[in-house]
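Please read the structure below before turning to the comments.
Whatever order the structure lists ligands and atoms in, that order sets their numbers, starting from 1.
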Amino acid sequence: MTERRVLLIVGGGVAAYKALELTRLFRKAGVGVRPILTDAGARFVTPLSLSALAEDKVHQDLFGLTDEAHMGHIELSRSADLVVVAPATADLMAKAANGLAGDLASTTLLATDKPVLMAPAMNVRMWLHPATRRNAARLEADGVAMIGPDEGAMACGEFGPGRMAEPDAIFAAAMAMLAPRPRPLAGKHVLVTAGPTAEPIDPVRMITNRSSGKQGYAIAEAAAALGARVTLVTGPTALRTPPGVSRVDVETALQMLTACREALPVDAAVCVAAVADWRPEEAFETKLKKTGEGPPTLRLVENPDILATLAANSPLRPKLVVGFAAETNDLEANARAKLAKKGCDWVVANDVSAEGIMGGDENEVVLVYPQGTDRWPRVSKAEVARRLAARIAEDLA
Ligand code: C5P
């Protein structure tokens, strides 16, 4: 096996001393470390210590071409399997979030085509400042993995989130990112619907529901992580697009159906969206006003069933069609009835009457299919998604 290599960017913060321990952990595990030390970082740790522990040259200067060991920043940015930024200061995060490239560290982050793991470390007020919140959200949306910060007493005397994660935690996260990933869904196209739909009544009012979209987004993310090409057709949510997923935003059930049809052919379709059963027969063109003649009458018409449409017999029917069922009672019996009614292959049923499931981060599901039933324990929505994606991969194999 060829040696795995980390490009370690050490920013300027008190936590920089922990980057030395992190370097030692990597070397002990046989992982190569190529360090980049920012000017501010060099105020906290010396190039000599970093170089001694990394057993490699420390890169500091964007324009250090006179140095015979110097590597161009593009080459440097591609020379590793993973880029780790520890500590990731507010300044480094701001630069990376905005694509600035004025020094070696930021240029490398802009030029790299490798996964990036950041371990933020800064004063609690800096971490909580809206600018840093924006930058962190932007970096995550760009696919940067974050670890920490931890909460605790800080060198500046304050208390709160801002302490860099401990070296062993950063090391473990980095090793997980370096591990070769199985990609059993490579070459497969998976369609996921998620979120609520919003059916207009007039230009300012609509019929919608409380679906957060979390479970559907997690499934899209998990399928992409297994190598699938994923199309996520989503109603309005407040969620970021999972890395590697192509997202189609819609509002109404009719738009969702059209977007799903346009995504075909797919190998598997997973319908998680909470599609409104009915929509107003017509959306008023101008805002409804109180007239003194009492409330208006809204006539509703039924929306198409997207799941049943995708599951219907046709040359474009996906090999696997999965529906979801939010139930409050008789979970399994209702799910089995839904399986038959919708013509899909599996139904994933969850008990939405249980505390903390609707809109929460956990789920407890039962997977119902013609030959049997699997009961999964209560786990995070991300874990439900990983299990389901793995099952889909088995089924499509
Ligand atoms: O019939 P019910 O709404 O309980 O079924 C839920 C399942 O059907 C979910 O998988 C949901 O995404 C899907 N569905 C759909 N289109 C509809 C209604 C439900 O795809 N109009």
Atom 13 (C) of ligand 1 [closest protein heavy-atom partner, distance rounded to 0.1 Å]: L307 CB, 3.7 Å
C271 N/O under 3.5 Å from ligand 1 N/O: yes
Within-4.5 Å side-chain heavy-atom neighbours: L310 and C271: yes
Ion pair check, E364 and R375, cut-off under 4.0 Å: no
Y17/F44 aromatic ring centres below 6.0 Å: no
Which residue and heavy atom of the protein sit nearest atom 17 (C) of ligand 1, plus the separation: V275 CB, 3.4 Å
Contact (N/O only, under 3.5 Å) between V322 and ligand 1: no
Pick from P304, G323, A273, A325: the one approaching atom 11 (C) of ligand 1 most closely through a non-hydrogen atom: A273
same_hphob_cluster(V384, L320) at 4.5 Å side-chain heavy-atom cutoff: yes
Heteroatom distance test (K338, ligand 1): nitrogen or oxygen, under 3.5 angstrom: yes
Region of N303 that comes within reach of ligand 1 [heavy atoms, distance under 4.0 Å]: neither
Ion pair check, K114 and D81, cut-off under 4.0 Å: no
Heavy-atom pair of closest approach, residues R387 and V379: NH2-CG1, 4.4 Å
Test item, M256 contacting ligand 1 (heavy atom, 4.0 angstrom): no
Between E362 and S380, a side-chain donor and acceptor under 3.5 Å: no
Atom 8 (O) of ligand 1: the protein heavy-atom neighbour that sits closest, reported with distance to 0.1 Å: K342 NZ, 3.2 Å
For atom 16 (N) of ligand 1, closest protein heavy-atom neighbour: I306 N, 3.0 Å
Part of A253 within contact of ligand 1 (heavy atoms, under 4.0 Å): neither
Residue and atom name of the nearest protein heavy atom (relative to atom 6 (C) of ligand 1), distance in Å to one decimal: F324 O, 3.0 Å
Side-chain H-bond candidate by donor/acceptor type, N303 with E199, under 3.5 Å: yes
